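Encoded as structure tokens, the structure appears first; notes follow it.
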Amino acid sequence: MTYQHYIDGEWVDGHGTDTFESTNPANGETLGEFRQGTPEDIEDAIAAADAAEDEWQSMSRIARAEYLWDIYHELKDRHQELGEVVTKECGKEISEGKADVAEAWHMVEWAAGDARHPKGDVVPSEIADKDAYMRRKPRGVVGCITPWNFPVAIPFWHMAVALVEGNTVVWKPAEQTPWCGQIIAEMFEDAGIPEGVFNMVQGFGDAGARIVDHDDVDTVLFTGSAEVGQEVGQKVAEDPGKLAACEMGGKNGIVVTEEADLDIAVHSAVMSSFKTTGQRCVSSERLIVHEDVYDEFKERYVEVAKDVAVGDPLDEGTFMGPAIEPEHVEKIQKYNDLAREEAKNVLVDRTELGDDEIPEGHEDGNWVGPFVYEVDYDPDLRSIKEEVFGPHVALIEYSGDIERAVEIHNDTPYGLAGAVISEDYRQINYYRDNAEVGLAYGNLPCIGAEVQLPFGGVKKSGNGYPSAREVIEAVTERTAWTLNN
Ligand code: NAD
């Protein structure tokens with residue numbers, strides 16, 4: 001069976017004849033075959049979304065949210081099953097696969113619950129007897145382009161608020177995770193969402209690009225790499241009526257000061273660099289450690305990095321699964337090669353894992369282990385500037401005060417996430433106020449998100465429209481309304 005696109009309330013083959021497969025990164029098993037969407041399929045989906053707008057907007061927010069409450073219950077009821085699908089398709093450990101699903105229902109709960117909250121503001125006027133309001137209107141057709149690494153959570157981060165606010169949606173899931181896309185589309189169908197309000201087209205970058213340059217798309221919500229995100233942002237900027245919210249990658253750092261509790265520091269660094277095989281946008285690839293605690297921290301961190309086992313991600317005890325694709329393993333290997341040239345010392349090199357380290361029956365998986373090196377800090381080193389998106393970690397020793405640590409921490413073009421580990425509140429506060437990131441963590445791993453907080457980066461990591469609760473700013477227009485009584 002070949003899975004189809006969901007356009008205008010129908011399952012359709014689309015215009016093209018090509019298909020593609022979803023593959024389990026842990027063992028190479030084929031999970032399903034999918035129609036490969038073309039730009040013409042995207043055009044059909046946009047036409048359907050455009051036609052469905054008026055009727056959808058004529059419903060109350062509370063009525064629109066009802067469809068999402070159905071999906072909320074389904075995500076919860078099928079938590080284990082869907083967590084396993086996420087794990088099979090993107091290789092994340094099962095606890096992370098389930099967390100992805102939970103993150104999705106948190107967002108749906110936020111969006112659907114928010115439907116009953118006041119929207120806009122009643123504001124005072126300078127003139128007596130004049131009423132003044134700030135109102136929010138839906139922007140229209142919202143195009144969603146999502147990455148593979150949170151294949152259930154991020155689509156709902158995009159779509160849930162957009163739909164409740166009265167927009168219609170065209171979504172292109174990542175090409176690595178079409179099975180998750182299929183299941184989410186089935187959920188919308190089961191919830192009975194009106195025809196054309198939600199549309200899903202499977203496919204690659206050419207399909208995504210058509211969402212970006214189509215005149216009838218009012219907002220593009222993009223999450224993915226900085227390379228693609230910058231292209232998306234630039235194209236959308238050519239059309240003054242259109243808006244793009246781009247959430248992109250990071251080169252995240254953890255500062256460990258001389259006042260750090262080293263148990264917390266080692267735990268935070270290990271979780272941030274190796275969980276999900278370093279393939280989170282917030283994973284940490286730079287550890288900036290004060291000279292007074294450097295040797296002890298290094299010894300303890302390296303001990304864990306040498307031992308951390310890869311395993312079948314479906315096993316509850318597995319700490320680290322595979323990389324997403326063979327091409328991604330190659331990319332990580334290339335950065336490990338670069339780091340070998342730039343490093344002062346390579347401390348752990350598990351680029352090629354031994355046969356005895358690979359779980360039985362998973363020889364065809366995309367395995368790669370931790371790579372840890374130390375550098376003498378030099379702003380020109382590429383290995384400590386560019387996102388690898390893998391278990392590739394630089395240790396950087398610093399001397400001096402927190403100001404110096406934060407200077408090194410900020411010396412990257414990215415600004416997504418970062419953490420400080422310290423027992424000294426002056427240092428913590430300095431980091432909080434000066435770290436050039438959208439997501440800052442204190443005495444915690446540099447990972448984790450809550451939908452009631454903004455989620456997004458600065459500099460090359462984001463374009464000023466964070467995700468999660470803040471998505472509302474990208475999917476609504478604010479208008480002023482005044483009324484003379
Ligand atoms: P990617 O940029 O390769 O792909 C993301 C999506 O864009 C996919 O659906 C892809 O098909 C589509 N696409 C590719 N080329 C396109 C084009 N020219 N026009 C329009 N769409 C196009 O990213 P990925 O490999 O799926 O995900 C990993 C990246 O995402 C990492 O850089 C990671 O840091 C980042 N990420 C960021 C966040 C965040 O919230 N900031 C969250 C998760 C992942």
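Computation of the quantities below employed the complete heavy-atom set of this structure, encompassing side-chain atoms and omitting hydrogens, waters and symmetry-equivalent molecules. If you're wondering where the values come from, they're calculated on a predicted model, not measured in any experiment. Order of listing sets the numbers, starting from 1, for every ligand and every atom in it.
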Next item on the list: Indicate yes or no: at least one non-hydrogen side-chain atom of W110 is less than 4.5 angstrom from one of E450.
Entry: no
Next item on the list: Any pair with a residue in residues 226-235 that passes salt bridge (Lys or Arg N to Asp or Glu O under 4.0 Å), sequence neighbours left out, goes on the list, sorted by first then second residue, please.
Entry: E231-K235
Check: Any salt bridge (Lys or Arg N to Asp or Glu O under 4.0 Å) pairs touching residues 178-187, not counting sequence neighbours?
Finding: none
Next item on the list: Tell me whether the guanidinium CZ or amine NZ of K460 lies under 6.0 angstrom from the six-membered ring centre of Y414 and within 45° of its axis.
Entry: yes
Margin query: Angle between ring planes, F188 versus F198, binned at 30° and 60°: parallel, tilted or perpendicular?
Written below: parallel
Checklist line | Selection residues 241-255 - residue pairs positive for side-chain hydrogen bond (donor to acceptor under 3.5 Å, both in side chains), sequence neighbours left out | finding: K251-E285
Next item on the list: Compile the protein residues with any heavy atom at a distance under 4.0 Å from an atom of ligand 1; present them by chain, then by number.
Entry: I145, T146, P147, W148, N149, I154, K172, P173, A174, E175, F204, G205, G208, A209, F222, T223, G224, S225, V228, E231, E247, M248, G249, C281, E387, F389, L416, F455
